[in-house]
Amino acid sequence: MAREKKYNAVITGLGMYFPEKIYDNKYFESIIDTNDEWILTRTGIKERRILENGATSDLATNAALDLMQRHNVSAEEIDCIIIATVTPDMLFPATACLVQNRIGAVNAWGFDLEAACSGFLFAFQTGCALVESGQYKKVLVIGADKMSSIVDYTDRNNCILFGDGGAALLLEPSEDYNLGLQDFILRIDGAGEGALHMKGGGSLNPPTHETVDKKMHYLYQDGKAVFKVAVKGMADVSYELMQKNNLKSEDIAYLVPHQANLRIIDATAQRMGLSKEKVMINIDRYGNTTAATIPSCLAEYYRAGKLKKGDKIILSAFGAGYTWGATYVVWAID
Ligand code: COA
């Protein structure tokens with residue numbers, strides 16, 4: 001479907017925040033039956049960051065402040081704040097409201113968006129549409145999750161996978177249609193509900209002593225089932241987006257994949273014909289931070305001077321729902 005737009009939405013700022021506390025693989029050896037070698041070879045994860053005190057709004061606020069400081073953005077200029085998260089501070093108000101107040105974005109509106117591990121891609125697309133319409137000039141899109149708040153640290157299948165973190169991107173309009181968001185394919189399939197979810201705490205199973213006793217307030221995942229569909233879903237959609245835009249592997253500077261498992265990432269890169277150097281990775285240091293994986297990769301590679309204006313990049317994710325998709329962006333910052 002052709003997009004009606006007045007401008008292209010381009011990324012003009014990046015910020016990120018990871019808490020200091022580290023849970024390395026050795027730590028997990030001390031609390032569950034596992035070992036460093038198993039975790040590293042099955043997932044690619046060496047350590048993750050854990051927020052001991054505070055909530056998702058702290059991760060998001062710190063990421064936003066980092067962006068504002070580095071890119072000289074004042075709080076009053078921000079028009080809208082979109083936060084992708086599955087771990088909001090509370091069911092309501094939206095974490096976007098808490099962050100708006102904390103950073104002093106007195107002219108902004110905003111909302112939370114929930115699409116699990118694909119949350120950032122969905123929020124990015126939404127933010128771009130607001131900018132492309134010409135209605136807003138500065139939209140802050142944040143991916144932040146305190147996964148440690150919904151992980152059962154006695155469940156060895158899942159607790160080793162996740163970490164806490166936040167990252168933010170600023171979107172602004174450009175009249176250069178060759179920069180910024182070029183195309184995207186986003187999908188959902190609710191048939192995936194049973195394989196990855198959190199049963200308790202919502203309107204289906206409001207919290208009771210029983211729901212807590214049954215550990216329904218923790219993330220549940222059938223890792224093997226999710227792994228199979230994630231490998232296929234992420235690889236297929238990324239390849240489809242390449243085909244749709246006549247992109248060859250040599251045209252692409254980077255794949256920016258959701259960081260759930262290095263083996264899922266490798267399969268996607270292989271399908272796209274990309275070598276390892278063209279794949280952004282930070283799963284080894286942070287694990288799966290859900291909505292924060294893609295923007296934090298971008299922030300790290302940008303800071304390391306590895307991105308240049310004109311670079312063609314593909315963002316790609318798969319998550320609970322199921323939700324998945326791929327987004328084609330041309331880097332706009334010199
Ligand atoms: N340490 C040691 N052994 C473990 C373990 C751990 N932390 N966790 C599980 N195991 C065991 C299992 O019990 C199983 O033992 P069994 O064969 O005796 O039953 C064995 O290791 C192999 O488990 P399996 O599930 O086949 O491992 P895997 O290679 O599929 O890897 C995941 C498991 C979770 C890493 C993998 O399935 C995965 O990454 N899934 C997708 C997760 C994801 O991406 N989620 C986010 C949304 S996209």
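Count residues from 1 along the sequence. Just so you know, ligand 1 is whichever comes first in the structure, and atom 1 is the first atom listed for that ligand. Excluded from the calculations below are hydrogen atoms, water molecules and symmetry mates; all remaining heavy atoms, backbone and side chain alike, are included. Worth saying up front: this structure is predicted, and the values here are computed from it rather than measured.
In terms of protein heavy atoms, atom 31 (O) of ligand 1 is closest to Arg263 NH2, 3.4 Å.
For a threshold of 3.5 Å applied to N or O pairs, the pair formed by Arg42 and ligand 1 contains at least one separation below that value. Taking only nitrogen or oxygen atoms, main chain and side chain alike, Phe162 does not reach within less than 3.5 Å of ligand 1. For ligand 1, the polar-atom distance check finds no N/O of Asn35 at less than 3.5 Å from any of the ligand's N/O atoms. By the 3.5 Å distance cut-off applied to N or O atoms, His258 is not counted among the residues near ligand 1. Note: no N/O pair closer than 3.5 Å links Asn288 and ligand 1 by distance alone.
Which of Gly192, Cys159, Gly223, Ala230 comes nearest to atom 40 (N) of ligand 1 through a heavy atom is settled by distance: it is Gly223. When Glu37, Lys224, Gln221, Arg156 are ranked by how near their heavy atoms come to atom 12 (C) of ligand 1, first place goes to Arg156. Nearest-heavy-atom check against atom 44 (O) of ligand 1 across Gly321, Ala260, Gly319, Ala320 picks out Ala260.
Judged by the shortest distance from any of its heavy atoms, Asp33 lies inside the 4.0 Å radius around the atoms of ligand 1.
Close contacts of ligand 1 with Leu196, meaning ligand atoms under 4.0 Å from a residue heavy atom, involve 47 (C).
Between Phe18 and Tyr286, the ring planes are parallel. Angles under 30° get that label, and only those over 60° would be called perpendicular.
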Please report, to 0.1 Å, the donor-acceptor pairs under 3.5 Å made by any side chain of residues 197-204, with sequence neighbours excluded.
from, atom 1, to, atom 2, distance (Å)
His197, ND1, Glu193, O, 2.7
His197, NE2, Lys199, NZ, 3.2

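Under the rule for a ring pair (Phe, Tyr, Trp, His ring centres under 6.0 Å), Tyr177 has no partner lying at least two apart in sequence or in another chain.
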